[in-house]
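Inspection log for the structure reproduced underneath, given as structure tokens.
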Amino acid sequence: DSGVTQTPKHLITATGQRVTLRCSPRSGDLSVYWYQQSLDQGLQFLIQYYNGEERAKGNILERFSAQQFPDLHSELNLSSLELGDSALYFCASSDPGQSAEAFFGQGTRLTVV
Amino acid sequence: GDSVTQMEGPVTLSEEAFLTINCTYTATGYPSLFWYVQYPGEGLQLLLKATKADDKGSNKGFEATYRKETTSFHLEKGSVQVSDSAVYFCALSRFKAAGNKLTFGGGTRVLVKP
């Protein structure tokens, strides 16, 4: 158990809809990262938050947004969903160290039909 | 930009065989290097890491040495077990004030047969 909790584990939704994925980081970790794992794109970094502020952005679509709340949990919002958004979405957390490794949740599998 | 290249799989081995998965990287400066493992239906788990040149990371019989001269971080295990069947990801991270996002290779699926 990594200590990172993601909900829900599975999500099936229709094209055009909006969903919210939730992540609770390990106790004490201030950084939260979101990654997308798909068959064609591999593991792609989407966005990072540190103590409530956006710190880095990767290949995140404009239809996607995220935030980190005062209790440090984070949500990834995906809107106007397309079939190609079907993927495994991982959240990871780390503490602010120079070589601190990231701890990953078990992921949310999103299927858009 | 940063990138990680690792050998494509799948790699199929018999139990007790020797495993090598090649990984090379492109990055400026001195990144930290990682191997993550993903077992079926699970998230990614850190397998081992190395933070500077010539460091050797090791865990559960797996080893990898940070070779700056060849920009490589190859994963090895001397005798694999069926339970080592998984997807292995090589990754790098460069510390910035903004944080330590990971850049991953494409993953290598390993299947160990009894």
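In what follows, every chain begins at residue 1, and chains take the letters A, B, ... in the order their sequences are listed.
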For this session: Mind running side-chain hydrogen bond (donor to acceptor under 3.5 Å, both in side chains) on A/D29 and A/S93 for me, showing each step along the way?
Result: CA-CA 6 Å; A/D29 285 355; A/S93 73; 2.7 Å; yes

For this session: Determine, stepwise, if the pair A/Q48 / A/S31 fulfils side-chain hydrogen bond (donor to acceptor under 3.5 Å, both in side chains).
Result: CA-CA 7 Å; A/Q48 181 215 348; A/S31 281; 3.2 Å; yes

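Using a 4.5 Å cut-off between heavy atoms, A/Q6 makes no contact with chain B at all. For B/Q38, the part sitting under 4.5 Å from any heavy atom of chain A is the side chain, from C-beta outward, and nothing else. Using a 4.5 Å cut-off between heavy atoms, B/L46 contacts chain A through its side chain alone, with no backbone atom that close.
A donor and an acceptor atom, one from each side chain of B/T108 and B/Q6, are located under 3.5 Å apart.
For the pair B/K52 and B/Y30, the cation-pi test (distance below 6.0 Å, angle within 45°) is failed.
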